[in-house]
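Here the structure is laid out as structure tokens; the discussion comes afterwards.
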Amino acid sequence: MFKNSMFKNSNENVTAPVSEGKTYNVKIEDIAQKGDGIARIEGYVIFVPDTAAGEEVTVKITRVLPKYAFATVVE
């Protein structure tokens, strides 16, 4: 009745708008369940430890995954 392609994630072939090793200026929008700050670039989630909601920080991307990335604050 339904083809499998109807259930594929529409973001399957989308690349992340960030690159590992690069720095970005972001605003921490929220705090994740485990305490990391959450920033977004073009809707893409970046987890940043040791930050607070409302902070504007420069971060360096340490790991990029299909749906989110991890970063550290650059001082």
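All heavy atoms count here, side chains included; hydrogens, waters and symmetry mates do not. In this text the structure is predicted, and so the values were computed from the model without any measurement.
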Identify, with sequence neighbours excluded, every residue that meets side chain to side chain contact (heavy atoms under 4.5 Å, CB included) alongside Glu29.
Arg40
Can you list every pair that meets side chain to side chain donor-acceptor pair (under 3.5 Å) and has a residue in residues 41-54, with sequence neighbours left out?
none
So Val73 and Thr58, side chain to side chain contact (heavy atoms under 4.5 Å, CB included) or not? Walk me through it.
CA-CA 6 Å; Val73 175; Thr58 300; over 6 Å; no
I'd like to check the side chain to side chain contact (heavy atoms under 4.5 Å, CB included) partners of Lys22; sequence neighbours left out, ordered by chain and number.
Ser19, Tyr24
Show, in sequence, the C-alpha distance, side-chain angles and deciding distance for Thr23 and Val59, and conclude whether the side chain to side chain contact (heavy atoms under 4.5 Å, CB included) test is met.
CA-CA 5 Å; Thr23 59; Val59 299; over 6 Å; no
Residues clustered with Phe70, ILVMFWY side-chain links under 4.5 angstrom
Ile38, Val45, Phe47, Leu65, Tyr68
When every non-hydrogen atom of Ile61 is compared with those of Ala69, the smallest separation belongs to CG2-CB, 4.3 Å
Taking only residues two or more places apart in sequence or in another chain, which ones pass side chain to side chain contact (heavy atoms under 4.5 Å, CB included) with Pro49?
Asp36
State, to 0.1 Å, how close Val64 and Ala16 come at their nearest heavy-atom pair, and which atoms those are.
CG1-CB, 3.6 Å
Pairing residues for Thr72 by the side-chain hydrogen bond (donor to acceptor under 3.5 Å, both in side chains) criterion, not counting sequence neighbours:
none
If every non-hydrogen atom of Ile28 is compared with every non-hydrogen atom of Gly37, which pair is closest and at what distance?
CG2-CA, 3.7 Å
